[in-house]
Protein chains: 2
Amino acid sequence: MATIYEVSNLAGVSLATVSRVINNNTRVSDKTRQKVIDAMDKLGYRPNSIAQSLASNCSNSVGILVSELNGAFFGQMMAGIESELRAAGKHVIITTGHSDEEKEKEGIEFLISRNCDALIVHVEGLSDDYLIELAKGSTPIFFMSRTVNTIEKNCISLDNELGGYLATKTMLENGHENIAYIAGPQVKPDAKARFIGHKKALKEYGIPFDDELYYEGNFCETGGNDGLKRFLDKGLNFTSLVCANDEMASGAMTYAREHGISLPEDLSVIGFDNIIFSRHIYPKLTTIDNPVGEMGHMAAKLVLKNVYNKKDITVKYSFEPSLIDRDSVSRLN
Amino acid sequence: MATIYEVSNLAGVSLATVSRVINNNTRVSDKTRQKVIDAMDKLGYRPNSIAQSLASNCSNSVGILVSELNGAFFGQMMAGIESELRAAGKHVIITTGHSDEEKEKEGIEFLISRNCDALIVHVEGLSDDYLIELAKGSTPIFFMSRTVNTIEKNCISLDNELGGYLATKTMLENGHENIAYIAGPQVKPDAKARFIGHKKALKEYGIPFDDELYYEGNFCETGGNDGLKRFLDKGLNFTSLVCANDEMASGAMTYAREHGISLPEDLSVIGFDNIIFSRHIYPKLTTIDNPVGEMGHMAAKLVLKNVYNKKDITVKYSFEPSLIDRDSVSRLN
DNA sequence: TTGTACGCGTTATCAC
DNA sequence: GTGATAACGCGTACAA
């Protein structure tokens, strides 16, 4: 691979001049510039980005930490981040934390030691205190789907409480009063906020919260399955089911169908996140849209603005969920 | 951030010695080693991976090119690659090609210019000839889900023809003789091979291929939708539908249901790939498993073995699909 | 506008 | 076993 040195030789100019045309910061006469470009072409020269990084102390890479590489939710998030960054000539280094505190910590260490210029992470196991410490470090770090007090400017978040409220309100507006709820793990802030929204809607409509109609699931298909089974086994009376995410809604729907419950006639179901397959399942799932792709874009813009000093970028830290009305909720008369 | 120089100073040894304990290749006396380690601890020293890369001419990163970051198929693939590589202390730089020739080319250029030690790519737009040229370059490159003549050792592939054969054979064994087929874009080698497998199974059972019962889809939900519509509008007689991937199967199933066709009684459907949501849709989709996660692992192992000189790795270039028997195919009497 | 010279933080090749 | 010292390829004051 040709180096800047060989280019300078062939073009008959100095190293510095070649460097100048590569980065075109300083003015170079058109004539010399052309000579350099010709030489670069002839040699098939490509800048060594490693050397550039060392000399400029900027790796042009941003580290991403997600819980899983597969999974529709993270897929949309990564796609949003990558497309925005790629367009700016930056690249992403992606690693996983599997929602586990230790692995998340390790992943972040890994990314920092790789000299990323910034980090965009989605962590679920790490405590707020730890994140605050992290934010004090020399590597700028931004948190997806999370708000941490005192470092709000490093956070991109969804108004999960509003989402939870909207989901349950949808049921209420359709005449449902006996509403079962399958929550996400309450150690996760998202899950907690959604649940709060649920109770808020209930209260607004004057329906008391019934502990019997509550189940804490795991955000996976099995959680929906187990939750509905629990409600059914207890012989409870309910006409609708609100799930804290789409996976659990899908699990519950499968379980319902296997037990002779027709959807949505006998049971209305609503999910949360609007992940890709929610429109594939039957009946098409009514759910709450989580604009995670858009949030990914914004996280990337935040990095562009704060770390790479791009101007003219308007940022936004909080996003709002919205109802996606499909076929899984029926009107009760 | 402390450098190796400060460590050597504090420990009272030379730069070279510090470097030695970092990489522990050469023998260092326990006493000096301890001095160095103490100094590193005290300074909170972390090796600068950029500088290491420049000096050693090895970036410890491998570039990945996938068509999309979202999408279950690529999710599984990336997860397989990343976990294998991460365990070996390597990291992945991921970018996208969107199945477009130009973008794929650009993505690969991007990755190469980032000094990746190797590339693992899943390309659909680039020609075999181009890939052969690429393989001659100085950056080792491996191709996922593709076999290219003369560079078979750079390819990890699935026996798509076998998969296509299995899918159709499943229908035949269940007594179906009028089988409609929705193919993938025939410019894609995978889609082509699956179709060949389909015809092979037909031939084996003495059923002539009927051009009327063939539709070339786009590998997306809409392809399944449009294909089934076409068959139905023509008033054709068929009891089963083989789709070249799960997305199209899902689209077709949705369309069928919307038109009063009960599944699987009136129409049996089989997909291909066994992507996550195939077990979420109703009825649970019978499909052909595409072990893409495993293939990702193997691609990473290939890199580990060939590029990072890890021994004791047994490689395998070709993978076999298998039938996942669920509920979308009914037995015809 | 252009060239010189040094620095970025390591690894690697010699000597000792 | 350990220490100088030269690469690695490029950015950038500073000088010309």
Side-chain angles (χ1 to χ4, degrees), chain A residues 1-40 43-61 89 112-117 138-139 308-309, chain B residues 1-40 43-61 89 112-117 138-139 308-309:
Chain A
M1 193 86 269
T3 73
I4 199 178
Y5 179 76
E6 303 173 38
V7 174
S8 78
N9 248 1
L10 184 59
V13 299
S14 76
L15 291 177
T17 301
V18 178
S19 177
R20 285 186 188 106
V21 354
I22 293 173
N23 302 298
N24 56 279
N25 326 321
T26 327
R27 286 235 50 81
V28 177
S29 78
D30 287 352
K31 203 171 138 195
T32 19
R33 171 184 305 278
Q34 198 52 53
K35 278 196 297 188
V36 172
I37 291 176
D38 289 345
M40 294 200 303
L43 292 170
Y45 169 78
R46 280 234 203 69
N48 179 328
S49 62
I50 299 284
Q52 287 180 319
S53 298
L54 184 61
S56 66
N57 194 30
C58 166
S59 67
N60 284 311
S61 71
I112 292 178
S113 80
R114 285 300 177 185
N115 283 74
C116 293
D117 296 331
S138 55
T139 304
Y308 296 117
N309 301 314
Chain B
M1 194 85 271
T3 71
I4 199 177
Y5 180 76
E6 301 172 39
V7 175
S8 77
N9 249 1
L10 185 59
V13 298
S14 73
L15 290 179
T17 302
V18 178
S19 177
R20 285 186 188 105
V21 354
I22 292 172
N23 302 297
N24 56 278
N25 328 321
T26 327
R27 284 234 50 80
V28 177
S29 78
D30 288 354
K31 204 172 138 195
T32 22
R33 169 184 307 277
Q34 197 53 51
K35 277 196 299 188
V36 172
I37 290 177
D38 289 346
M40 294 200 303
L43 292 170
Y45 169 77
R46 280 233 204 72
N48 179 328
S49 61
I50 300 284
Q52 287 180 318
S53 298
L54 183 61
S56 65
N57 192 30
C58 165
S59 66
N60 284 311
S61 71
I112 292 178
S113 80
R114 285 305 182 187
N115 282 77
C116 293
D117 297 330
S138 56
T139 304
Y308 296 116
N309 300 314

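Here is the naming used below: chain letters follow the sequence lines, and residue numbers restart at 1 for every chain.
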Novice: In this structure, are over 12 heavy atoms from other groups packed under 6.0 Å from A/Asn57 atom CG?
Specialist: no
Novice: When rounded to the nearest 0.5 angstrom, what is the spacing between OG1 in B/Thr32 and CZ in B/Arg27?
Specialist: 9.5 Å
Novice: For residues A/Asp38 and A/Gln34, is any side-chain donor paired with an opposing acceptor at under 3.5 Å?
Specialist: yes
Novice: Donor-acceptor check, side chain of A/Asp117 to backbone of A/Cys58, threshold 3.5 angstrom: yes or no?
Specialist: no
Novice: To the nearest 0.5 Å, tell me how far A/Ser53 OG sits from B/Leu54 CG.
Specialist: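 Atom-to-atom, A/Ser53:OG and B/Leu54:CG are 9.5 Å apart.
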Novice: Which angle, to the nearest 10 degrees, lies between the helix axes at the two ends of the helix from C/dT1-D/dA16 to C/dC16-D/dG1, each defined by five pairs?
Specialist: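 Result, rounded to 10 degrees: 30°.
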Novice: Using a heavy-atom cut-off of under 4.0 Å over every strand shown, decide if B/Ser53 touches base, sugar-phosphate, or nothing.
Specialist: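 Nothing, no heavy atom under 4.0 Å.
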Novice: Which of these, B/Leu10, B/Ile4, B/Val18, sits in a side chain to side chain contact (heavy atoms under 4.5 Å, CB included) with B/Val36?
Specialist: B/Val18
Novice: Could you list the residues that satisfy side-chain hydrogen bond (donor to acceptor under 3.5 Å, both in side chains) with B/Ser56, not counting sequence neighbours?
Specialist: none
Novice: Along nucleotides 5-16 of chain D, 5' to 3', which nucleotides get a B, which get an S, and which get a -, given that the test is a protein heavy-atom distance under 4.0 Å?
Specialist: ---BBBBBB---
Novice: Within this structure, what is the CE-to-P distance between B/Met40 and C/dT10, rounded to whole angstrom?
Specialist: 11 Å
Novice: A side-chain contact here means heavy atoms from C-beta on lying under 4.5 Å apart; do B/Asn115 and A/Asn48 qualify?
Specialist: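 Yes, at least one pair of side-chain atoms sits under 4.5 Å.
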Novice: What is the distance, rounded to the nearest whole Å, between atom CG of B/Asn60 and atom C1' of C/dT10?
Specialist: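 The answer, rounded to whole Å, is 13 Å.
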